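Since this is a predicted model, take the numbers as computed values, not measurements. Chain naming here is simple, since letters A, B, ... match the order of the sequence lines and numbering starts at 1 in each. Computation of the quantities below employed the complete heavy-atom set of this structure, encompassing side-chain atoms and omitting hydrogens, waters and symmetry-equivalent molecules.
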Amino acid sequence: MLDIQLIRQKTSEIKASLNIRGSDYDIDKIINLDKQRRTLLQQTEQLKSKRNKTSKDIGNMKDNQSRVTLIDEMREVGNQISSLDNEVRKIESTLHKLMLEIPNIPHSDTPVGENDKDNVTIKEVGTKPSFDFIPKPHWEIGTNLGLIDFERGVKLSGSRFYVLNKGIARMQRALINFMLDLHTQQGYSECYLPFMVKEINFTAAGQLPKFADNIYRDIEDDAWFVTTAEVPLTNLHRDEIISSNDLPLFYTAYTPCFRREKFAAGKEVRGIKRGHQFDKVEMYALTTPDSSDEALNKLLIDAEETCKLLNLTYRVQRLCSGDLGFGSQITYDIEVWSPGCNEWLEVSSISNCGDFQARRANIRYRPKKNTKTEYVHTLNGSGLGIPRTLIAIIENNQQSDGRIQVPEALVPWMSNEEMIG
RNA sequence: GGAGGGAUGGCCGAGUGGACGAAGGCGGUUGUCUUGAAAACAACUGUGGGGGUAACCUCACCGGGGGUUCGAAUCCCUCUCCCUCCGCCA
């Protein structure tokens, strides 16, 4: 959520910044409602002040005649107050709903663009492997070895679900452990989170109201399946005032991610690239405003480190304004090369949300003793998405005989198994 | 799932219609005293909104929401969470 005071004071700048995201937002309506709200607030508060004072007097009065007169008078004032309060409530609820729909303001040096084609490649690390045979896509390799079972996945759960067996199932588990151990070493605190959370967590993290269609949920019990660990991690400190000594906070967590998104079948969704359920290890940071740039850099370096250790060729993209996530000011994507699919696969998205989520989730800290509280900055980054990492490993390390070599760094997490298949 | 009990400031804990944003204690900060520390004493010590250049004024908040009343921490309704007992269960 944006700061209403900022919208009030720097209206045209905000409009211009939002404009480069490529959608229209009715800032004028917000300004207008805010104005109305404050006008009414002043009226109602004046009346309340009068009622408070008079009520006190009534308690102390001896003369019954004037007492009764005042009580009658205050009854009328009370009626006025409740009708004004109702108006204020209505306006505030409308205003709040509108505010929740406004995305974050892109960082000032965000490249302007429409979609992912306008993202800027910042660097490319490693070289694409060459093969003396035609590299296969992972769905062929996996199916040939009996390690990925699409049919049975569909039988169990419908399209876009799959079953992993033996070596690949184990490699998936190994990757989770490998990444959690690595991030712990990098200074993140590991936590195990609920995979279902209450609706409010999604609103606070910025997934609602916009992405309601993408979330699996049980309305009856207000239990919503996490779409990413970012959602519970954002809410870990919701409604808290964090001691500034404790900042920055770095967390890492593994969760499955459940996404309802409806895609057309076809090449885009072939294999295990886009399931309704996938695993991910997430990195998350809460910082003071002056150190979030530094933290963003750390998240990026740490995610890159994961790719490097797994021997993956990757590139880093700076997202353009049109491709930026709803809550993000700056986002870097890391994409790994997959020779079988012949494309770059996004395995990590690393974002600085500034105080956008913190304002929604009401996460604050006190810069100095006896000063006002301020909102923290929040950052998140995948470290990494598991299925696509798996794809890259399978396709990059495929052998001419169809087997898959386990990356050296992963071998200890695979009971020292060096070859799958 | 059934029955009962509870939720008050950073913490403990008083408060059943007006003098309560809330006693008292602990903790914290600052000051006095002291060579220094401790002790003692004193003052200060919640959050958010609105107005004002500012001093400051004002409103709201005693788990959440709603209601009764001139006036609610206090009365009523409702929801959530916690505790105890019973049942069920991996």
Looking at every strand, decide which applies to A/R67 at a 4.0 Å heavy-atom threshold: base, sugar-phosphate, or nothing. base

C1'-based separation of B/rC20 from B/rG46 [nearest Å]: 15 Å

Chi angles and distances behind the side-chain hydrogen bond (donor to acceptor under 3.5 Å, both in side chains) call for A/E304, A/Y314: CA-CA 8 Å; A/E304 281 187 61; A/Y314 67 91; 2.5 Å; yes

May I ask you to say what A/R8 touches in the nucleic acid, namely base, sugar-phosphate or nothing, with a heavy-atom cut-off under 4.0 Å? sugar-phosphate

Considering only atom P, compute the distance from B/rA22 to B/rA73 and round it to an integer number of Å. 12 Å

For A/I81 and B/rU69, what is the distance between atoms CD1 and C1' respectively, to the nearest whole Å? 13 Å

Taking RNA chain B as the partner, which of residues 25-33 of chain A come within under 4.0 angstrom of it by heavy atom? none

Would you mind pulling out the nucleotide paired to B/rC41, Watson-Crick or G-U wobble, both distances under 3.5 Å? B/rG31

How many Å lie between CG on A/D239 and C1' on B/rG48, as a whole number? 12 Å

Between A/K90 and A/D85, does at least one N-O distance fall below 4.0 Å, as a salt bridge requires? no

May I ask you to evaluate whether A/R75 reaches the phosphate of B/rU69, defined as a side-chain N or O under 4.0 Å from OP1 or OP2? no

I'd like the C1' distance from B/rU8 over to B/rA72, given in whole Å. 14 Å

For the pair A/Q317 and A/I122, evaluate side-chain contact (heavy atoms from CB on, under 4.5 Å) and give the outcome as yes or no after the intermediate values. CA-CA 6 Å; A/Q317 305 252 89; A/I122 294 194; over 6 Å; no

Distance-only polar pair, side chains of A/Q357 and A/T378, donor-acceptor under 3.5 Å: yes

So, does A/R366 get its side chain near the phosphate of B/rU47, meaning an N or O under 4.0 Å from OP1 or OP2? yes

When rounded to whole Å, the CD1 to C1' distance for the pair A/I71 and B/rG18 reads 11 Å

Step by step, work out the side-chain hydrogen bond (donor to acceptor under 3.5 Å, both in side chains) result for A/S292 and A/H377. CA-CA 6 Å; A/S292 67; A/H377 280 195; 2.9 Å; yes

Base-pairing mate for B/rG24 - Watson-Crick or G-U, with both contacts under 3.5 Å: B/rC12

Provide the closest heavy-atom pair for A/L319 versus A/T110 in the form atom of the first, atom of the second, distance. O-CG2, 3.8 Å

Nearest-Å distance for atom pair NZ/P, residues A/K35 and B/rG49: 19 Å

Which residues share a ring-ring contact (aromatic ring centres under 6.0 Å, His included) with A/Y375, sequence neighbours left out: none

Please give the nucleotide sitting opposite B/rU47 as a Watson-Crick or G-U wobble pair, both distances under 3.5 Å, or none. B/rA60

Suppose you measure atom P in B/rG27 against the same atom in B/rA38; what distance do you get, rounded to whole Å? 13 Å

OP1 or OP2 of B/rG49 less than 4.0 angstrom from a side-chain nitrogen or oxygen of A/R37, does that happen here? no

Salt bridge A/D34-A/R38, side-chain N to carboxylate O under 4.0 Å: yes

Polar-atom pairs under 3.5 Å, protein N or O versus N or O of nucleotides 54-58 of chain B: list them with distances, or write none.
{"residue": "B/rU58", "atom": "O3'", "partner": "A/S49", "partner atom": "OG", "Å": "3.3"}

Would you measure the distance from the C1' atom in B/rC62 across to the matching atom in B/rC12 and give it in whole Å? 16 Å

So, does A/R38 get its side chain near the phosphate of B/rG51, meaning an N or O under 4.0 Å from OP1 or OP2? yes

Atom-pair distance (CG on A/D85; C1' on B/rG66), nearest Å: 13 Å

Using atom CD1 of A/I241 as one end and atom C1' of B/rG48 as the other, report the distance to the nearest whole Å. 10 Å

Heavy atoms under 4.0 Å, any strand shown: does A/E76 hit a base, just sugar-phosphate, or nothing? nothing

Please state the C1' separation for the pair B/rG63 and B/rU47 - nearest whole angstrom. 15 Å

NZ/NE/NH1/NH2 to OD/OE distance under 4.0 Å, A/R318 and A/D109: yes

Which heavy-atom pair separates A/Y25 from A/E101 by the least distance, and what is that distance? CE2-O, 4.0 Å

Sort out the partner of B/rU80 for me: Watson-Crick or G-U wobble, both distances under 3.5 Å, none otherwise. B/rA7

Working to the nearest 0.5 Å, report the span between CZ of A/R260 and CZ of A/R160. 13.0 Å

Can you tell me, in whole Å, how much space there is between the P of B/rA60 and that of B/rG64? 15 Å

Comparing A/K198 with A/G78, nearest RNA chain B nucleotide closer to 5' gives the residue A/G78

Of the listed nucleotides (B/rC70, B/rG21, B/rG66), which one gets closest to any side-chain atom of A/R89? B/rG66

Look at all strands and tell whether A/T44 reaches a base, only sugar-phosphate, or nothing, counting heavy atoms closer than 4.0 Å. nothing

Nearest-Å distance for atom pair CG/C1', residues A/L41 and B/rC59: 7 Å

Using 30° and 60° as the class limits, which term best fits the ring planes of A/F161 and A/H276: parallel, tilted or perpendicular? tilted

Atom CD1 of A/I58 and atom P of B/rG17 are separated, to the nearest Å, by 18 Å

Does the structure show a Watson-Crick or G-U wobble partner for B/rG1, both distances under 3.5 Å? Name it, or say none. B/rC86

For A/L70, answer base if it contacts any base atom (sugar-phosphate contacts may also be present), sugar-phosphate if it contacts only those atoms, and nothing otherwise; contact means non-hydrogen atoms under 4.0 Å. nothing

Contacts of A/Q42 and A/E374 projected onto RNA chain B by closest heavy atom; the upstream (5') one is A/E374

Using ring centroids (six-membered ring only for Trp), state whether A/H237 and A/Y251 fall under 6.0 Å. yes

Among the nucleotides B/rU47, B/rG18, B/rG66, whichever has the atom closest to the side chain of A/T373 is B/rU47

Distance below 4.0 Å between A/Q5 side-chain N/O and B/rG50 OP1 or OP2: yes

Expressed in whole Å, how much space separates the C1' atoms belonging to B/rU84 and B/rA90? 24 Å

